[in-house]
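Reviewing the structure listed below.
Each chain gets a letter, A, B and so on, in the order the sequences are listed, and its residues count up from 1. Heavy atoms only: backbone and side chains are in, while hydrogens, waters and symmetry mates are out.
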2 protein chains.
Amino acid sequence: MDTELRQTLHRRGLRMTPQRQLVLDAVSELGHATPEEICTKVQEIAPAVNITTVYRTLDLLEQLGIVRHTHLGHGAPTYATGEHEHVHLVCHRCGDVDEVDADLLDGLAGVLAAKAGFVLDPTHVALSGLCSRCETSDSEAHA
Amino acid sequence: MDTELRQTLHRRGLRMTPQRQLVLDAVSELGHATPEEICTKVQEIAPAVNITTVYRTLDLLEQLGIVRHTHLGHGAPTYATGEHEHVHLVCHRCGDVDEVDADLLDGLAGVLAAKAGFVLDPTHVALSGLCSRCETSDSEAHA
DNA sequence: GTACATGCAAACTTTTTGCATTATT
DNA sequence: AATAATGCAAAAAGTTTGCATGTAC
């Protein structure tokens with residue numbers, strides 16, 4: 001699996017370095033994390049790794065299609081490996097992030113394709129709203 | 001209409017100032033615009049207005065429910081008045097922003113409510129994908 | 001030795017904060 | 001006079017860039 005990445009890199013005259021391996025590992029482990037979180041994780045093992053390298057590596061891995069980034073709303077984007085095929089639901093009250101299967105957007109994707117010729121990429125952007133907890137406390141407050 | 005805002009402000013011991021009026025006007029006129037675009041627009045009329053004031057006013061207007069912001073993906077968020085009830089489709093190849101009716105998300109909203117207890121706010125986040133133009137050129141490239 | 005990769009520092013962009021000044025009631 | 005709003009400058013957060021050094025082929 002990482003052999004594949006190694007070869008992809010090699011085909012382009014690029015190299016598999018410890019830093020790149022560590023960044024990829026961190027992204028895999030963390031699920032979805034900001035560059036800074038990834039950097040912290042990497043630095044637990046290799047403290048000398050600079051955040052610049054993390055940014056550069058994330059860009060590279062994204063170009064290669066190995067990772068993708070998602071905007072969870074405010075603040076920094078989060079990166080995840082390609083297998084991570086789900087949609088993020090961000091509560092804009094408490095900031096909690098829930099995840100649902102990307103399939104749930106299939107219907108919508110069809111509609112958008114038909115109506116606007118738009119090919120939806122469900123994993124790139126998070127959906128925003130109120131999570132069940134905040135919804136509940138909201139209703140109580142109104143009662 | 002602005003009388004209503006005036007009164008909402010007054011109820012909270014706040015004031016309607018020229019700056020606030022200008023920011024609101026700019027948001028209305030521009031449809032959806034970044035803080036910087038809004039600031040530029042405001043400064044066409046009142047060059048002394050500081051971008052800090054724009055940020056603070058946008059926050060305030062958002063708290064009051066007069067404007068809402070949307071993350072179009074990369075970069076700065078965009079602000080729009082509350083009436084602006086549509087969903088943004090951002091092409092991540094060419095950056096073009098298309099708009100569709102928010103109703104198209106009704107089905108999805110129902111599913112999310114049922115499956116995850118999540119109350120979707122369709123207008124807050126943009127959907128990402130490929131616009132028809134980029135899709136077409138993509139297919140050609142593959143052909 | 002050549003091309004790629006890294007680390008470091010500095011620049012840059014976007015947004016927030018502290019504080020003195022001004023305006024409104 | 002008291003409170004709110006603004007402007008300015010500085011700080012903070014996130015990201016990018018330039019360059020010298022180091023490393024792999």
Side-chain angles (χ1 to χ4, degrees), chain A residues 5-27 30 32-43 45-64 66-67 69-79 92 95, chain B residues 5-27 32-43 45-64 66-67 69-79 95:
Chain A
L5 169 55
R6 234 192 177 82
Q7 294 184 353
T8 308
L9 289 171
H10 195 252
R11 232 173 289 132
R12 311 199 180 199
L14 305 175
R15 295 162 201 157
M16 177 55 114
T17 65
Q19 286 91 336
R20 286 175 180 169
Q21 186 67 59
L22 285 167
V23 169
L24 180 53
D25 289 350
V27 173
L30 294 172
H32 50 87
T34 62
E36 198 138 3
E37 289 165 346
I38 293 164
C39 189
T40 302
K41 184 85 180 172
V42 167
Q43 289 177 341
I45 297 169
V49 174
N50 197 275
I51 193 162
T52 305
T53 302
V54 173
Y55 276 105
R56 284 194 280 230
T57 303
L58 288 172
D59 282 354
L60 174 64
L61 292 177
E62 188 153 37
Q63 276 175 37
L64 299 179
I66 316 256
V67 306
H69 77 269
T70 300
H71 298 276
L72 252 38
H74 303 270
T78 64
Y79 287 77
H92 54 218
Chain B
L5 169 55
R6 235 193 175 82
Q7 293 183 353
T8 308
L9 289 170
H10 195 252
R11 232 172 291 133
R12 311 199 181 200
L14 305 175
R15 297 165 200 154
M16 176 55 114
T17 65
Q19 286 91 336
R20 286 175 179 170
Q21 186 66 60
L22 286 168
V23 169
L24 179 54
D25 289 350
V27 173
H32 50 87
T34 63
E36 197 137 3
E37 289 165 346
I38 293 164
C39 190
T40 302
K41 183 86 182 171
V42 168
Q43 290 177 340
I45 296 168
V49 174
N50 197 277
I51 193 161
T52 305
T53 302
V54 173
Y55 276 105
R56 284 194 281 231
T57 303
L58 289 172
D59 281 354
L60 175 65
L61 293 177
E62 187 153 40
Q63 276 175 38
L64 299 179
I66 317 257
V67 306
H69 77 269
T70 300
H71 298 276
L72 253 38
H74 302 267
T78 64
Y79 287 78

(message) Categorize B/L14 for me: base, sugar-phosphate, or nothing, with a 4.0 angstrom heavy-atom threshold over every strand shown.
(response) sugar-phosphate

(request) Side chain of A/D59 only, please: which of D/dT6, D/dT16, C/dA5 is the nearest? (result) D/dT16

(request) With the side chain of A/R56 defined as its heavy atoms from C-beta on, choose the nearest nucleotide among C/dA23, D/dG7, D/dC19. (result) D/dC19

(message) Using a 3.5 Å distance criterion without hydrogens, assess whether the side chain of B/R20 forms a donor-acceptor pair with backbone atoms of B/L61.
(response) no

(request) Indicate, yes or no, whether a donor-acceptor pair under 3.5 Å links the base of C/dT6 to the side chain of A/R20. (result) no

(request) Would you kindly give the CZ-to-C1' distance between B/R12 and D/dT3, to the nearest whole Å? (result) 17 Å

(message) Nearest to the A/T52 side chain among D/dT17, D/dA5, C/dC4, which nucleotide is it?
(response) D/dT17

(request) Would you mind reading off the distance between B/R6 atom CZ and C/dT24 atom P, rounded to a whole angstrom? (result) 11 Å

(request) To the nearest Å, give me how far apart CE (B/M16) and C1' (D/dT3) are. (result) 19 Å

(message) Is it the case that the side chain of A/Q19 and the backbone of A/V54 share a donor-acceptor pair, with hydrogens and angles ignored and the cut-off at 3.5 Å?
(response) no

(message) Nearest whole Å is fine: how far is D/dC25 P from A/R15 CZ?
(response) 7 Å

(request) Answer yes or no: does a side-chain N or O of B/T17 lie under 4.0 Å from OP1 or OP2 of D/dT6? (result) yes

(request) Rounded to the nearest angstrom, tell me the gap between atom NE2 in B/H69 and atom C1' in C/dT14. (result) 14 Å

(message) I want to verify a distance call: between D/dG14, C/dT15, D/dG7, whose nearest atom is closest to the B/P77 side chain?
(response) C/dT15

(message) Just the rounded figure in Å: distance from P of D/dT15 to OH of A/Y79.
(response) 7 Å

(request) Find the distance between CD1 (B/I45) and CG (B/L22) and round it off to the nearest 0.5 Å. (result) 5.5 Å

(message) Is the phosphate of D/dT15 approached by A/Y55 (side-chain N or O, under 4.0 Å from OP1 or OP2)?
(response) yes

(request) Report the end-to-end axis angle of the helix from C/dG1-D/dC25 to C/dT25-D/dA1; each axis comes from five terminal pairs, and the value is rounded to 10°. (result) 10°

(request) Please lay out, stage by stage, how A/L58 and A/H69 fare under the test side-chain contact (heavy atoms from CB on, under 4.5 Å). (result) CA-CA 9 Å; A/L58 288 172; A/H69 77 269; over 6 Å; no

(request) Would you tell me whether B/D59 and B/Q63 have side-chain atoms, one donor and one acceptor, within less than 3.5 Å of each other? (result) no

(request) Verify the contact: side-chain N or O of A/T53 to OP1 or OP2 of C/dT6, cut-off strictly under 4.0 Å; return yes or no. (result) no

(request) Tell me whether the OP1 or OP2 atom of D/dC8 has a side-chain N or O from B/N50 closer than 4.0 Å. (result) yes

